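Chain identifiers are assigned alphabetically (A, B, ...) following the order of the sequence lines, protein sequences preceding nucleic acid strands; residue numbering begins at 1 within each chain. The structure displayed is predicted, hence computed values, not measured ones.
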Amino acid sequence: MTLHDLMKNFIQDYLNVNKIEFNDWSINPNTQKGFGDYSSNIALKLTKLLKKSPLEIAEEITNHHNNKKEIFDLSASKPGFVNFHISNKYYIQILRQIIAEKELFGKQKKLNQKANVEFVSCNPTGPLTVGHGRQAILGDMISSILSWQGYDVTREYYYNDAGKQMRILSESCYAKYASKVGVAFDEPENGYIGGYLDEIADKIIDKYGKDLTKDDTIFRTFTEKEIFKDIESSLKNLGIKFDVFSKEGAYYKNGSIDNVLSILEEKNLSYKKDGAIWFKTSELGKEEDKVLVKSSGEPTYRLPDIAYHADKVDRGFDLIVDVFGADHIDTYPDVILGLKCLDKKTDHIKVVIHQFVTIKKGGEIVKMSTRKANFITLDELHDELNSDVIRYFFIMRGANSHLDFDLDLAKDESEKNPVYYLQYANARISNLLIRYQKEINENPKIDLSKLNEKDEISLIKLLSKFPQKMDEVSESLEPRKLATYLEEVAAAYHKFYGNHKVINHDDINTSFARKQLCEATQIILKNGLSILGISAPDRM
RNA sequence: GCCCCGGUAGCUCAGCUGGAUAGAGCAACGGAUUUCUAAUCCGUAGGUCAUAGGUUCAAAUCCUAUCCGGGGUACCA
């Protein structure tokens with residue numbers, strides 16, 4: 001039973017004994033010192049019902065029989081809080097547990113549940129940009145968090161290998177090819193002009209010669225393959241690997257797109273107008289109807305997206321997470337609506353929307369466009385900064401905040417990046433443990449009750465919160481919260497380290513207890529960092 | 001116009017399922033070093049939580065309106 005449950009039970013017992021039916025109350029950790037570790041607002045909430053002053057009620061609760069005295073004491077404080085003071089003994093007990101369970105501490109058992117996390121999912125029309133990085137890292141970390149919580153996670157990348165953008169891409173590639181081999185050609189409208197296409201055109205010349213015609217499928221298939229290879233390698237540089245790649249084309253081939261259309265038609269949820277097929281979203285609470293198939297006969301992205309999501313639901317995942325950029329904020333509800341119309345389950349789909357990354361270069365905001373080739377690639381970023389820094393940089397801000405990525409400052413700031421603060425705490429511990437082994441090399445009986453300094457206790461308290469923190473992080477799907485927690489742990493450790501010597505030949509018992517505390521801290525730091533995909537070097 | 005984010009210290013941001021005295025990093029200033037690795041620690045200074053109302057015993061947090069910034073509002077994806 002968790003600490004939270006124990007405290008809750010105590011209050012519930014008070015309510016039961018006094019025959020009070022009431023559940024609008026909570027227990028929260030205290031931010032202020034001097035009022036214990038946790039406080040409940042129960043007495044404040046009961047004032048109206050019991051027609052007594054809150055402080056009076058709080059005192060009454062404080063005097064209620066407490067059979068968990070070895071775990072917590074109680075006090076009441078104005079204006080009517082019930083405070084829980086957790087005993088050091090309890091925390092020491094948790095510390096013992098961390099040391100015993102090692103890197104398994106806080107790790108959830110296999111749930112026998114499958115989760116699917118879809119992220120990045122951009123079309124292979126060019127290299128990944130810095131803007132994609134945020135999504136890549138966010139999605140990867142969310143996946144790791146869910147694994148830690150016991151899910152069997154599939155990382156999935158979905159892309160459109162069949163639509164208009166890919167056609168323009170192949171035309172653009174042909175344009176490069178034609179100009180290189182000296183054949184007349186039409187400049188494609190809205191074509192891509194990036195230098196990466198020059199390289200691909202060169203490769204095509206090397207491999208297939210100079211006599212290809214515009215209609216040759218090589219321009220599409222080869223270009224797609226080359227670009228995709230680059231995307232995969234950019235992701236790999238950041239430690240990201242996908243399990244499944246789903247292509248839009250497959251949903252045409254297996255008929256599932258037609259199937260969606262016929263079901264909607266059957267249910268009278270679509271109609272034809274101006275040569276296009278429309279989805280009656282206005283009848284389902286939206287402001288206007290949306291086009292499913294253009295008058296040209298090409299579907300809009302909406303239709304295959306519905307078919308793709310229906311497939312994901314059919315594959316039987318217990319949790320589906322979609323990580324989207326802010327541009328999807330208006331479109332994903334259409335997809336969910338579509339699923340509902342197909343009678344698919346949707347309440348296990350969670351959508352994480354993140355705001356865009358704006359890039360600052362030379363003090364100015366750069367509008368990036370793959371087509372116009374004025375982007376900064378993830379690879380270029382990786383040349384300047386190591387993967388640990390990049391990963392941390394992208395989740396330092398909440399997904400809902402805009403991320404201003406100042407390239408000129410990124411390098412400067414990387415030296416002050418909090419990620420080093422975390423890694424340094426770990427490296428300090430590694431070094432210390434080696435020294436301990438060398439200098440003391442003696443393992444007396446464990447007596448963790450030696451740990452009663454303020455800095456020691458507050459460090460242990462933080463460590464004990466790790467499992468609860470992971471629950472919170474996986475519930476909210478916000479990796480940043482884990483990073484913030486780890487920073488707190490590192491800070492508490494650095495403080496402890498600065499104020500107390502671990503290796504002390506005159507007091508082997510205390511030394512040993514402190515060494516154990518260091519080991520426990522390292523376990524938490526390493527676990528946390530590994531979930532975030534950040535390395536934990538032993539030396540810095 | 002409509003929709004979605006955001007507005008908190010000089011800067012970048014936490015805190016937002018309402019709780020006690022609003023936090024951190026950077027920048028500024030002062031201190032700790034023959035180090036168990038100073039990539040660290042301690043201290044000082046810095047705030048009308050955009051504004052105005054409302055709900056509440058209690059509002060940075062919830063509601064309403066206004067202002068400012070970003071994004072979205074395609075038979076593009």
key: Base-pairing string, 5' to 3', of RNA chain B - Watson-Crick or wobble, under 3.5 Å, | interstrand   = (((((((..((((.....[...)))).(((((.......))))).....(((((..]....))))))))))))....
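Among the heavy atoms of the strands lying under 4.0 Å from A/Asn160 are primed sugar atoms or P, OP1, OP2 only; no base atom is included.
Dashed line: the shortest gap from a side-chain N or O of A/Lys273 to OP1 or OP2 of B/rC75 is not under 4.0 Å. Within the 4.0 Å cut-off from OP1 or OP2 of B/rC3, not a single side-chain nitrogen or oxygen of A/Tyr332 is found. Between B/rA77 and A/Ser121, no contact under 4.0 Å exists linking OP1 or OP2 to a side-chain N or O. Residue A/Arg539 places none of its side-chain N or O atoms closer than 4.0 Å to OP1 or OP2 of B/rA39. OP1 or OP2 of B/rC42 sits under 4.0 Å from a side-chain N or O of A/Lys495. Checking the phosphate oxygens (OP1, OP2) of B/rA20, no side-chain nitrogen or oxygen of A/Lys78 falls inside 4.0 Å. Taking side-chain N and O atoms only, A/Arg302 has no distance below 4.0 Å to OP1 or OP2 of B/rA77.
Nucleotides B/rU66 and B/rG7, compared at atom C1', are 14 Å apart to the nearest Å. Remark: the separation of the P atoms in B/rG25 and B/rG69 is 32 Å, to the nearest Å. Nucleotides B/rG46 and B/rU37, compared at atom C1', are 32 Å apart to the nearest Å.
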message = I'd like to know whether A/Arg167 forms a salt bridge (Lys or Arg N to Asp or Glu O under 4.0 Å) with A/Glu298, so could you lay out the CA-CA distance, the side-chain angles of the two residues, the decisive distance to 0.1 Å, and finally the verdict.
response = CA-CA 12 Å; A/Arg167 196 180 64 226; A/Glu298 278 182 317; 3.2 Å; yes
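The base of B/rC57 has none of its N or O atoms less than 3.5 Å from a complementary donor or acceptor on the side chain of A/Thr47. Not a single donor-acceptor pair, N or O on each side, falls under 3.5 Å between the base of B/rA77 and the side chain of A/Thr125.
Between A/Tyr271 and A/Trp278, the angle of the ring planes stays under 30°, which puts this pair in the parallel group of the 30/60° scheme.
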